[in-house]
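Read through the structure below, which is laid out as structure tokens, and then see the notes.
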Amino acid sequence: MERIAINKLKKWKESPLRKPLIMRGARQVGKTWIVKKFAEIYYPNNWVYINFEEEKTLQSIFEDDFDIHRILTTIELRKGCEINESTLLIFDEIQVALRGVMSLKYFCENKRQQPIIAAGSLLGISMHTDDSFPVGKVDFLDLYPMSFREFLMANGKQKWIDIIDNKKWDLLVVIRDQIQMMLRQYYYVGGMPEVVDTYIRTGNMEEVRNVQNNILNAYVADFSKHAPSKEVSRIRMIWDSIVGQLSKENKKFLYNVLREGARAKEFELAIEWLVDAGLIYKVKRTKSGELPLNAFEDFGTFKLFMLDIGLLCALAKVSSTILTEGDSLFSTFKGALTEQFVCQQLWNSVDLLYYWSAENSQGEIDFLVQKDQKVIPIEVKAEENLKAKSLRFFVGKYKGLHGIRFSMADYREQDWMTNIPLYSVLG
């Protein structure tokens, strides 16, 4: 499988301003595979891999001091290798090593030329208990589940990707039925690398669901293992409510869905824990379509989406028969899946992602994107519905904007709005 993040790692390698890199991401999104693949391609026979969960004798290597010469000598002796200034060091599960994250500051200050990639779950890195975080001394690369583009690449559909990238809409119509089916498959399988690999190797949707359930069970186990004990039950309540929250016509997160009389202050720490762990996306409301969007942020109103659309299907126990029977089986939930899909494709490719709703609740824009100092209002439709009253109103209210509608209809250009097929949203 190919991952676009390898190209970002290549740019990091070539940068004259390179610092130690922290690759962040939720568990199971493929961090270890990517850094090893990158090492094989760009540092052949000159890289050292340390998994601090497995190398227990090295977990205390940073505990006494940050003497870089001592640290490198210890690694050489332990791994039976030689390390020079062009050797790539990979510190996997770095959050397990006491003061491991902090050590990157001293590598940056005292041995900047040494290429280092530290990988770890967001769960550990964002909540590490070191004395301080190496602010300004590290680069970051966030990794997410495989996008629809990467899913097509994994399935050998590079020609389809080229057609979409080159905006050959007339040719896209020719393969419409095939790519729509592939989109349905992505809805069900999602982008977790092990799940995608299982799907490609076996084609067995029961096996796919088993792997998804194992990942979900591991996440739930992490709640009790890593979260503050007083927050565990609240975290579980929020996690279990996401399917129901997204199934509503108005997908704004409502605390009273959790329990009658629930208040924001009871659950805000639990929500932020899930955000910090990388398990949910929090899309906040903005009150305006003007730049910058975060200047008009409504801090108390938001939507929550899952890390991955396939895991959302697994959590909702959506049957694999959606691949053949389609809309008839999930007429209510298809709107939730479609918004989840678009959110997941946009999350890592835009500067800011919000949504907008009118103060009187009459009208909503599913997503507002800020990218390259432009605001782009986006409406999401699960079918070929071409009505866009809210989008038209919004574009009329904020002059100079051009709306985007993602739907199952073919490409269509108008003076105020462009309709783009959902299956061409590649991420």
- request: Before accepting this row, confirm whether a basic side-chain N of the pair E339/K251 lies closer than 4.0 Å to the acidic partner's carboxylate O.
  value: yes
Would you say the ring centroid of F253 lies under 6.0 angstrom from that of Y255?
yes
Do W239 and L216 come within less than 4.5 Å of each other through their side chains, counting heavy atoms only? yes
Does the ring centre of Y281 sit less than 6.0 Å away from the ring centre of F305?
-> no
Flag the pair K303 and E364 as a salt bridge only when some basic side-chain nitrogen lies within less than 4.0 angstrom of an acidic carboxylate oxygen. yes
| query | When you look at D142 and R24, which way does the salt bridge (charged side-chain N to carboxylate O under 4.0 Å, His left out) test go after all the steps? | reply | CA-CA 5 Å; D142 292 321; R24 302 178 297 190; 2.7 Å; yes
For the rings on F52 and F91, is their centre-to-centre separation under 6.0 Å? yes
| field | Note: R201-E207 ion pair, threshold 4.0 Å (strictly below) | value | no
Aromatic centroids of F394 and Y398 separated by under 6.0 Å: yes
Original post:
Are any non-hydrogen side-chain atoms of I161 and M153 less than 4.5 angstrom apart?
Top reply: yes
Side-chain touch R27/Y219, heavy atoms, less than 4.5 angstrom = yes
Sequence neighbours excluded, the answer for ring-ring contact (aromatic ring centres under 6.0 Å, His included) partners of Y355 is none
Q180 side chain reached by M182 side chain, heavy atoms, under 4.5 Å:
no
Answer yes when E359 and K287 have at least one side-chain N-carboxylate O distance shorter than 4.0 Å, and no when they do not. no
